[in-house]
Amino acid sequence: MGAMAAIHQKRRNVIPTKSSTKKPERTGAKKRVITFKPDDDISEYVDGVVATGMRQTDVIEKSLRIVRDLATSLGIEDWAEVEKRARVKGVTEGVIVAELLRPLLASVRTEEPSAKPRK
């Protein structure tokens with residue numbers, strides 16, 4: 001060990017640290033901070049969900065994950081079709097997906113026997 005390294009090692013042993021109040025070190029990549037000013041409709045939606053007790057960050061992350069998962073699960077061609085239909089109708093992709101899923105979900109609900117038989 002060189003002379004300077006030995007001096008620094010001695011200083012580390014002598015200088016007390018506040019390890020008990022130190023935040024635990026992250027093992028993953030540092031999280032990014034993304035700042036944006038949402039349109040009024042998005043702001044109202046986020047505020048409404050936050051009012052139910054959900055954290056604002058969780059609302060935004062959940063919404064982004066839904067879109068990401070839809071786009072990746074559908075694949076490039078099908079997602080492009082959803083985007084095209086949304087553009088033609090002047091609505092969001094979410095409206096198109098809901099229109100396409102609604103009949104399927106309704107048929108699944110009527111086919112499934114209820115969990116508890118009603119008397």
Side-chain angles (χ1 to χ4, degrees):
M1 187 182 301
M4 289 303 288
I7 291 170
H8 288 296
Q9 184 61 38
K10 284 182 182 178
R11 283 187 183 163
R12 262 189 244 131
N13 293 337
V14 175
I15 300 172
T17 61
K18 297 179 182 179
S19 60
S20 61
T21 60
K22 202 175 195 182
K23 290 183 182 178
E25 291 186 28
R26 292 186 187 193
T27 55
K30 186 176 179 182
K31 287 194 172 193
R32 266 177 60 177
V33 174
I34 299 173
T35 305
F36 70 100
K37 293 181 180 182
D39 292 339
D40 289 343
D41 60 327
I42 300 300
S43 188
E44 284 179 33
Y45 170 75
V46 171
D47 291 345
V49 178
V50 167
T52 67
M54 192 173 192
R55 290 178 343 134
Q56 179 173 306
T57 299
D58 294 338
V59 175
I60 295 166
E61 285 180 349
K62 182 179 180 181
S63 300
L64 291 171
R65 284 188 180 104
I66 289 169
V67 174
R68 177 203 61 197
D69 294 348
L70 275 170
T72 56
S73 296
L74 287 173
I76 293 170
E77 287 183 26
D78 289 339
W79 185 249
E81 179 65 26
V82 169
E83 288 179 316
K84 182 183 90 179
R85 288 178 183 215
R87 197 171 39 257
V88 167
K89 283 191 165 188
V91 297
T92 66
E93 291 82 356
V95 171
I96 299 301
V97 171
E99 287 175 355
L100 296 170
L101 278 177
R102 192 172 292 116
L104 176 65
L105 291 174
S107 70
V108 169
R109 268 195 301 272
T110 57
E111 291 173 7
E112 290 180 350
S114 60
K116 291 183 178 179
R118 294 184 180 177
K119 294 181 181 180

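All of these numbers come straight from a predicted model, not from anything done at the bench.
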* Asked: Measuring from L101:CG to I96:CD1, what's the distance to the nearest 0.5 Å?
  -> 11.5 Å
* Examine L64 and F36 and state if one hydrophobic cluster contains both, with Ile, Leu, Val, Met, Phe, Trp and Tyr joined whenever side-chain heavy atoms are less than 4.5 Å apart. => yes
* **Pair E93 + R85, salt bridge at N-O below 4.0 Å** => no
* **Counterpart residues, salt bridge (Lys or Arg N to Asp or Glu O under 4.0 Å), relative to R87 (two or more places apart)** => none
* To do: Calculate, to the nearest 0.5 Å, the distance between atoms NZ and OG1 belonging to K89 and T92 respectively.
  => 11.5 Å
* For atom CG of L105, is the number of surrounding heavy atoms from other residues, nucleotides or ligands below 6.0 Å larger than 12? -> yes
* same_hphob_cluster(I66, V97) at 4.5 Å side-chain heavy-atom cutoff -> yes
* Asked: Side-chain heavy atoms under 4.5 angstrom apart, residues restricted to Ile, Leu, Val, Met, Phe, Trp, Tyr: same cluster for L104 and V82?
  -> yes
* E83: partners by side-chain hydrogen bond (donor to acceptor under 3.5 Å, both in side chains), with sequence neighbours left out -> W79
* To do: Flag yes if V95 and I42 sit in one hydrophobic cluster, no otherwise; membership is Ile, Leu, Val, Met, Phe, Trp, Tyr, and two members link when side-chain heavy atoms are under 4.5 Å apart.
  => no
* Structure fact -> To the nearest 0.5 Å, atom CG of L74 lies from atom CD1 of I76 at 11.5 Å
* If Ile, Leu, Val, Met, Phe, Trp and Tyr residues are connected whenever their side-chain heavy atoms lie under 4.5 Å apart, and connections chain through other members, are V67 and Y45 in the same group? -> no
* **All pairs passing side chain to side chain donor-acceptor pair (under 3.5 Å) where residues 57-74 contributes a residue, at least two apart** => R55-D58
